[in-house]
Undergrad: 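Below is the structure I would like to discuss, written out as structure tokens.
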2 protein chains.
Amino acid sequence: MPTRTAAEKRADAKADYDAFLANCPSRQLLGRISDKWVALILAALGDDGPLVGFEGAGFERAGSERANGERADVACAGEPRQMRYSELSRRLAGVSQKMLTQTLRSLERDGLVTRTVTPTVPVTVTYELTDLGLSLQQVMRGIKVWAEAHMDEVFINRENYDTHAI
Amino acid sequence: MPTRTAAEKRADAKADYDAFLANCPSRQLLGRISDKWVALILAALGDDGPLVGFEGAGFERAGSERANGERADVACAGEPRQMRYSELSRRLAGVSQKMLTQTLRSLERDGLVTRTVTPTVPVTVTYELTDLGLSLQQVMRGIKVWAEAHMDEVFINRENYDTHAI
DNA sequence: CAGGATCCAGTAGGATACTG
DNA sequence: CAGTATCCTACTGGATCCTG
């Protein structure tokens, strides 16, 4: 059958992408997902627990208890990771609507999140990770965690660097 | 003892960093490391093998054979992940000297890589991951791999998105 | 509520030229 | 070789106003 879409042809071409190459699409994709807001959005939509052993059995979720009130807006009840625009906006403190919308659109286009519009009185829009998005979230999560975990160490290194080498 | 550096005071403050907060230093750090060039530099300095079981025993390294000459500049012999400036420059195809130098400085300052100058005739500078850098590389590697692995899927999603929703 | 549309400042980042 | 310095453009991203 001669009617094959470009997508199909690309799919079974199985090109071995290499982000080290300047013109490889994966380089561009890498640039797209290596983004602060992407990391935070994915983390927000996926922080219903560590789910380390995802493909297997028991995935325990991080106890959603944050004793000190302040922000208990995590909203991870039941079958989680499904947030409204305004929830995301509040969770990612300091994000501008432009960046939030723009990043969400990009994620939606790439098939990492789904956007669901519910025609209530004031319209309700929810975002949710797709399976693909979840797979990326698994690795992106690590970056955020790493940053939070090694902040102190980095601080000390910076101080050394700045004072020692003037 | 009253003589405690700011670094020390910060260290045992053990603040629970949260990148979701706008003013948290970890947010800034997250922004810094969520970078295409950071990902590629770390990957280049660390691609001496999968080293999944790093802390444990046998780490097999990816066979450093690239039959077709062209670029055999991977230079992962012996005790690997130690690259010269020019090697990195060649490996990260398309990177400008400015971005390469700038990113390397930043990584050095944060204690992720070490910079070693050997006063040969034309000076020789090598970069190497620190333990801290290696720990980050372990997670950053996943992003590059993910991008390369899911490129096709993303392509299809984009096509659907673009055609379906005009 | 969930954005779309603009405007505009800041900076990321490439190109080029020069140096120890 | 491994940068530094400078210039300049383009895009990032915030602020603001507007709409269904």
Side-chain angles (χ1 to χ4, degrees), chain A residues 19 21-23 27-41 44-45 73 75 82-109 113-128 161 165-166, chain B residues 19 21-23 27-41 44-45 73 75 82-109 113-128 161 165-166:
Chain A
L21 304 177
N23 296 342
R27 163 81 69 102
Q28 207 271 337
L29 181 58
L30 178 63
R32 184 76 263 295
I33 62 181
S34 298
D35 180 73
K36 180 179 43 173
W37 301 124
V38 170
L40 289 175
I41 289 179
L45 290 175
D73 55 353
Q82 168 168 174
M83 296 178 75
R84 300 181 57 171
Y85 182 87
S86 49
E87 279 183 293
L88 282 167
S89 173
R90 251 172 291 122
R91 186 99 175 91
L92 309 200
V95 69
S96 65
Q97 318 89 303
K98 181 182 173 180
M99 289 294 25
L100 183 53
T101 302
Q102 184 173 299
T103 309
L104 283 169
R105 284 288 174 281
S106 166
L107 293 177
E108 187 193 0
R109 188 170 106 101
V113 304
T114 56
R115 177 174 180 270
T116 311
V117 182
T118 311
T120 50
V121 183
V123 72
T124 302
V125 180
T126 58
Y127 292 91
E128 191 171 4
Y161 185 90
I166 302 292
Chain B
L21 303 177
N23 296 342
R27 163 82 70 101
Q28 206 272 337
L29 180 57
L30 179 62
R32 184 77 263 297
I33 61 180
S34 297
D35 179 72
K36 180 179 44 173
W37 300 125
V38 169
L40 289 175
I41 289 179
L45 290 175
D73 55 352
Q82 168 169 174
M83 295 179 74
R84 300 181 57 172
Y85 182 87
S86 50
E87 280 182 292
L88 281 167
S89 172
R90 251 171 291 123
R91 186 100 176 91
L92 310 200
V95 68
S96 64
Q97 319 90 299
K98 182 182 173 180
M99 287 299 16
L100 182 53
T101 301
Q102 185 172 298
T103 308
L104 283 170
R105 285 288 175 283
S106 166
L107 293 177
E108 187 193 0
R109 187 169 108 100
V113 303
T114 56
R115 178 175 179 271
T116 309
V117 182
T118 310
T120 49
V121 183
V123 72
T124 304
V125 180
T126 59
Y127 291 90
E128 192 171 4
Y161 186 90
I166 303 290

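Lettering follows sequence order; numbering is per chain, from 1. Heavy-atom basis, side chains included; hydrogens, waters and symmetry copies ignored. Predicted, not measured: the structure shown is a model, and the values here were computed from it.
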Undergrad: Taking CD from B:Q102 and C1' from D:dA5, how many angstroms apart are they, rounded to a whole number?
TA: 13 Å

Undergrad: On DNA chain D, nearest-nucleotide positions of B:T101 versus A:Q97: which is more 5'?
TA: B:T101

Undergrad: Side chain to side chain donor-acceptor pair (under 3.5 Å), that's the test. Do A:T124 and A:Y85 meet it? Break it down for me.
TA: CA-CA 8 Å; A:T124 302; A:Y85 182 87; over 6 Å; no

Undergrad: Do A:M83 and A:L45 have side-chain heavy atoms sitting under 4.5 Å apart?
TA: yes

Undergrad: Would you say B:R32's side chain and B:V38's backbone share a donor-acceptor pair under 3.5 angstrom?
TA: no

Undergrad: Compare every heavy atom of B:V123 with every heavy atom of B:R84, then report the nearest pair and how far apart it is.
TA: NH2-O, 4.3 Å

Undergrad: Could you give the CZ-to-P distance, from B:R105 to D:dA5, as a whole number of Å?
TA: 11 Å

Undergrad: Ignoring hydrogens and geometry, is there a side-chain-to-backbone donor-acceptor pair from A:T101 to A:Q97 under 3.5 Å?
TA: yes

Undergrad: Take atom CE of B:M99 and atom P of D:dA5, then tell me their distance rounded to the nearest Å.
TA: 16 Å

Undergrad: Hey, is the main chain of B:R105 close enough, under 3.5 Å, to the side chain of B:E108 for a donor-acceptor pair?
TA: no

Undergrad: Let me test you: for the helix from C:dC1-D:dG20 to C:dG20-D:dC1, what is the angle between the axes at its two ends (five pairs each), rounded to 10 degrees?
TA: 50°

Undergrad: Between B:K98 and B:V125, name the one whose nearest nucleotide on DNA chain D is closer to the 5' end.
TA: B:V125

Undergrad: Mind calculating the distance between CG (A:L92) and P (C:dA2) to the nearest angstrom?
TA: 14 Å

Undergrad: Write down the distance between CZ (A:R84) and C1' (C:dA2), rounded to a whole number of angstrom.
TA: 9 Å

Undergrad: Return no unless some side-chain N or O of A:Y127 is found under 4.0 Å from OP1 or OP2 of C:dG3.
TA: yes

Undergrad: For the pair made of CZ in A:R90 and P in C:dC1, what is the distance, rounded to whole Å?
TA: 8 Å

Undergrad: Does a side-chain N or O of B:R115 approach OP1 or OP2 of D:dA2 to a distance below 4.0 Å, or not?
TA: no

Undergrad: Has A:S86 got a side-chain N or O lying under 4.0 Å from the OP1 or OP2 atom of C:dC1?
TA: no

Undergrad: Can a donor-acceptor pair be found, under 3.5 Å and without considering hydrogens, that links the side chain of B:T120 to the backbone of B:P122?
TA: yes

Undergrad: Quick one: B:K36 NZ to C:dG13 P, roughly how many Å, whole number?
TA: 7 Å

Undergrad: For DNA chain C, whose closest nucleotide is more 5', that of A:V123 or that of B:S96?
TA: A:V123

Undergrad: Could you state the atom-to-atom distance from CH2 of A:W37 to C1' of D:dT12 in whole Å?
TA: 12 Å

